[in-house]
Amino acid sequence: MTTTTHTEQTRTEKTGARTDEAAALIGGARERIDALDDRIIGLIQERMAVSAVIQEARIGSGGRRVNLAREMEVLGHYRDALGKPGTALAMTMLELCRGRV
């Protein structure tokens, strides 16, 4: 029978690691991921604001709110860079950026 300490149980529950070294590595990497996620969210919010400016200008000049040809370019760019999941990511981003005008 193996005895598990509270610290070992907490470490395993939080990180899935079996050693302190692995838990520390995972903890540090997760902090970096959280910081990257914050930056990505900020960039998407900035993209949404720029997209709103473009939509206002397009609509103000008598154009349509969405430029489908441009959206296809964006989808292709993400697909080429990230593969099929990149297309889904781009679709979500485009959805966030549409219709805020």
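These figures come from a predicted structure and were not determined experimentally. In this chain, residues are counted from 1 in sequence order.
- The distance from atom CD of E73 to atom CG of N67, rounded to the nearest 0.5 Å, is 8.0 Å.
- Taking hydrophobic clusters as Ile, Leu, Val, Met, Phe, Trp and Tyr residues chained together by side-chain heavy-atom distances below 4.5 Å, M91 shares a cluster with M72.
- L75 contributes atom CG, which lies 10.5 Å from atom CG of L89 (distance to the nearest 0.5 angstrom).
- When every heavy atom of P85 is checked against every heavy atom of L82, the shortest pair comes out as CD-O, 3.8 Å.
- Note: R30 CZ to L25 CG = 10.5 Å, rounded to the nearest 0.5 Å.
- Smallest separation of non-hydrogen atoms from V66 and R98: CG2-CD, 3.9 Å.
- R79 contributes no side-chain N or O that, together with a main-chain N or O of G86, makes up a donor-acceptor pair within less than 3.5 Å.
- The line from CD1 of I41 to CG of L36 is 11.0 Å long, rounded to the nearest 0.5 Å.
- To the nearest 0.5 Å, the span separating CD1 on I26 from NZ on K14 amounts to 12.5 Å.
- M93 and V74 make their closest contact through CE-CG1, 3.9 Å (heavy atoms, listed as atom of the first residue, atom of the second, distance).
- Between L68 atom CG and E71 atom CD the span is 6.0 Å, to the nearest 0.5 Å.
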**OP:** Starting from the C-alpha separation in whole Å, work towards a yes-or-no answer on side-chain contact (heavy atoms from CB on, under 4.5 Å) for R70 and I54.
**Re:** CA-CA 12 Å; R70 173 63 180 151; I54 291 169; over 6 Å; no
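- In plain terms, the two heavy atoms of C97 and Q55 that are nearest each other are O-NE2, 2.6 Å.
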